[in-house]
2 protein chains.
Amino acid sequence: MGESDATQHTAEGAGPSRIQRRNRARIIEAALDVFSQHGFRGATLDQIAERAGLSKPNILYYFTGKEEIHVTLLNQLMDRWLAPLRRLDPDGEPLEEILTYVRRKLKMSQKYPRESRLFANEILQGAPRIAPHLEDDLKPLVDAAAATIQGWIDAGRIAPTDPRHLIFSIWATTQHYADFEAQVGVLMEGRAATDGAERFLTTLYTRMLRSDQG
Amino acid sequence: MGESDATQHTAEGAGPSRIQRRNRARIIEAALDVFSQHGFRGATLDQIAERAGLSKPNILYYFTGKEEIHVTLLNQLMDRWLAPLRRLDPDGEPLEEILTYVRRKLKMSQKYPRESRLFANEILQGAPRIAPHLEDDLKPLVDAAAATIQGWIDAGRIAPTDPRHLIFSIWATTQHYADFEAQVGVLMEGRAATDGAERFLTTLYTRMLRSDQG
DNA sequence: GTGGTCTTTTACCAAATGGTCAACTTAACG
DNA sequence: CGTTAAGTTGACCATTTGGTAAAAGACCAC
């Protein structure tokens, strides 16, 4: 947001110093831990400072406030989050494309559960800080993906359904394993949730989309 | 928790007074608003007090603290939340039973979005206050439901799949419309999300479970 | 209406929290 | 090695927040 220039403390021409890069990275990493676990209002600068191994004033030397840390985190997150959807290829084999998308989404949930929870927290709270991103970045992407899927349906290459609800269901089912881990853990004790999830979702979307239906 | 007796202020034999019932209800209602929107730590007693139309000390006359309000809310929620799953009838027509369950779950999301978000917040945070309920109430219910579904699969009446992941996917897809409403709203502008959701989910689970697959 | 109980409020507190500032230390570089 | 800018910190502050004490007010049975 704002000037978005990280060189606020260094000379004009040069980029951020070695120390700046290291400490900013530490803060972001610590903040991801804390924000994803407690939400924005539940997180404290003291917690972030402790986890980052820095003093609180030192953190405020690198970021102008709690809010800026959170916004920075969300901005970084959006890029990574939208990447899989960008790779949906209109020229690919439809079912294979969608299944690949499902698997990528699921892997992201498993590899980056904190990011998933951070995002979930933000949306749950009504997206107060990320709403512009949803309009500007996410919506066009979803519109494009929906058009691609609709094209496949019109060509009779996958079974007809509402593309947008299809996308929602993929998000919901994949992110569920990260966002509701506390619940999944209790109910799947002993069983391997991860392997089962990929097999289940592959089956679900294969049966849903095979083109000999309608 | 504790004695769980609401008559802490009234005479031994009698139940809670008319005023107690009214004010407790107001507090619970206000707290549902505030907790579901901001999470436990993000909510303040002042916000709850204002929305309830009572003073803060007056609220603490009816509840011993912020935590007790939250726990009371979660306890009430669990009953309503688990009801649909209890109605899954092993002797019913399998596909119809599951579709009915899906529709009931979806209707609950639409009718009680605040409750859905309250629950999502709690689980996201690691279920610190509701973990016992998950073990004691939810788990046995899910075990029973999974057994019922497995029975249907073994009898060849629905297509084979993992019952537990099936249940997770139903929760995820239905609650998504309440918990991620801020996102769904942006992406579905103009379109009617509600109607589309029921049709989509009916199609999804019909195709998933029709017994001529394996 | 009077006595006693239930309910509500005013005033207050201690702890937590986001943030500031001036002084101090460390790194960079000619 | 000395000077300058970058980086760090202890002390501090204002506000918010969960919670308390005690007195005042409302309600009810008699």
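From a predicted model like this one, the values you see are computed outputs, not experimental measurements.
The OH-P distance, from A:Tyr61 to C:dT26, rounds to 15 Å in whole Å. A straight line from CG of A:Asn23 to P of C:dA27 spans 12 Å, rounded to a whole angstrom. Between the CG atom of A:Leu60 and the P atom of C:dA22 there is a distance of 16 Å, given to the nearest Å. The CG-P distance, from B:Leu54 to D:dG18, rounds to 16 Å in whole Å. Between the CD1 atom of B:Ile59 and the C1' atom of C:dT10 there is a distance of 16 Å, given to the nearest Å. Atom CZ of B:Phe63 is separated from atom P of C:dT7 by 13 Å (rounded to the nearest Å). Note: CD (B:Glu68) to P (D:dG18) measures 15 Å, nearest angstrom. At whole-Å resolution of the value, NE2 in A:His70 and P in C:dG18 are 13 Å apart.
Checked against D:dA21, C:dT8, C:dC21, the side chain of A:Pro57 finds its nearest nucleotide in C:dC21.
Contact check, A:Gln20 against D:dA6: no side-chain N or O comes under 4.0 Å of OP1 or OP2. For C:dT7, the OP1/OP2 oxygens have no side-chain nitrogen or oxygen of B:Asn58 closer than 4.0 Å. In terms of phosphate contacts, A:Ser55 brings no side-chain nitrogen or oxygen within less than 4.0 Å of OP1 or OP2 of D:dT8.
For the pair B:Arg164 and B:Asp143, the salt-bridge criterion is met [side-chain N within less than 4.0 Å of a carboxylate O].
Side-chain atoms of A:Thr44 and A:Gln47 include a donor-acceptor pair closer than 3.5 Å.
Of the two residues near DNA chain D, B:Ile19 and B:Gly65, the one whose nearest nucleotide lies more 5' is B:Gly65.
In this structure the side chain of A:Gln125 never reaches within 4.5 angstrom of the side chain of B:Gln37, judged on heavy atoms.
With B:Glu198 as reference, B:Lys107 is the one residue of B:Arg104, B:Lys105, B:Lys107 to meet the salt bridge (Lys or Arg N to Asp or Glu O under 4.0 Å) rule.
Annotation: A:His133 is not in aromatic contact with A:Phe119 [ring centroid separation under 6.0 Å not met]. Between B:His38 and A:Phe40, the ring center distance fails the sub-6.0 Å criterion.
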Test salt bridge (Lys or Arg N to Asp or Glu O under 4.0 Å) on A:Arg24 and A:Glu29 and set out the steps.
CA-CA 9 Å; A:Arg24 280 195 160 245; A:Glu29 167 68 20; over 6 Å; no
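Using a 4.0 Å cut-off on heavy atoms, the residues of residues 34-50 of chain B that approach DNA chain C are B:Arg41, listed by number.
Within 3.5 Å, a donor on the side chain of B:Lys56 pairs with an acceptor on the base of D:dG18, or the reverse.
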